[in-house]
Chemist: 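Would you mind keeping the following structure in view while I ask a few things?
Predicted model, so just to flag it, every value in this text is computed and none were measured. Just so we're on the same page: letters track the sequence lines, and every chain starts at 1.
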Amino acid sequence: EAGVTQFPSHSVIEKGQTVTLRCDPISGHDNLYWYRRVMGKEIKFLLHFVKESKQDESGMPNNRFLAERTGGTYSTLKVQPAELEDSGVYFCASSLNNEQFFGPGTRLTVL
Amino acid sequence: GDSVTQMEGPVTLSEEAFLTINCTYTATGYPSLFWYVQYPGEGLQLLLKATKADDKGSNKGFEATYRKETTSFHLEKGSVQVSDSAVYFCALRMMNTGFQKLVFGTGTRLLVSP
């Protein structure tokens, strides 16, 4: 069974540009989560989808971040426009019930 | 709010040494506690968990006991191997709410030399 996959693995963009990160959860997992780790700090929760609905988006930092999960399968996280402080590793996780399975992350660098 | 504090790294050990990585938490209720591990180039993997006070989670020679009186969940291993080199994250999740988000500590990098 394939695990959680994320694309791209790395992205380097300039301040003010737009970047879209993609997450493909494990097939059949209704729950999908986004987290972010900034420069050696703690991993912070961004939001949680149940199917295509946002269950909890309390961790989204500001309105430059837009997450979608059309059709309840894969999810995208768009940052527009990107700022320097958005640099970090973005993790996606999915779950059927309790255990969350994580992807390898996307390392975003904003110059 | 809920938070997790874990010891700063890196922790550098020789093979077969004893490992302790400290983790304490602050929570308004009774959380479940987790240790995740991230090996180089890979995603986070659940290492072990405990869901109530005095529970001991164990896996791959690692152990951690849920101590409610000290709000701690320290990770231990009796004899580390080079292959244990990774970043270890302590985390909690409140189980009595509809929200399933994990709250993580900052991570502790472990380096094991032969």
Chemist: Heavy-atom pairs under 4.5 Å with chain B are the metric here; pick the option from Y35(A), F101(A), F91(A) that has the most.
Modeler: Y35(A)
Chemist: With a 4.5 angstrom heavy-atom cut-off, could you sort out which part of S9(A) is near chain B: side chain, backbone, both or neither?
Modeler: neither
Chemist: Taking the six-membered ring of F73(B) as reference, does the cationic atom of R67(B) (NZ for Lys, CZ for Arg) lie under 6.0 Å from its centre and within 45° of its axis?
Modeler: no
Chemist: Tell me if the aromatic rings of Y36(B) and F104(B) count as close, with their centers under 6.0 Å from one another.
Modeler: yes
Chemist: Below 4.5 Å from any heavy atom of chain A, which atoms of Q6(B) appear? Answer side chain, backbone, both or neither.
Modeler: neither
Chemist: Among K51(A), H48(A), Q100(A), whose side-chain hydrogen bond (donor to acceptor under 3.5 Å, both in side chains) with N31(A) holds?
Modeler: H48(A)
Chemist: Using a 4.5 angstrom heavy-atom cutoff, name the option from S95(A), G105(A), P104(A) with the most pairs to chain B.
Modeler: P104(A)
Chemist: Before giving the answer on side-chain contact (heavy atoms from CB on, under 4.5 Å), spell out for L47(B) and Y88(B) the whole-Å C-alpha distance, their side-chain angles and the decisive distance to 0.1 Å.
Modeler: CA-CA 9 Å; L47(B) 180 60; Y88(B) 293 81; 3.9 Å; yes
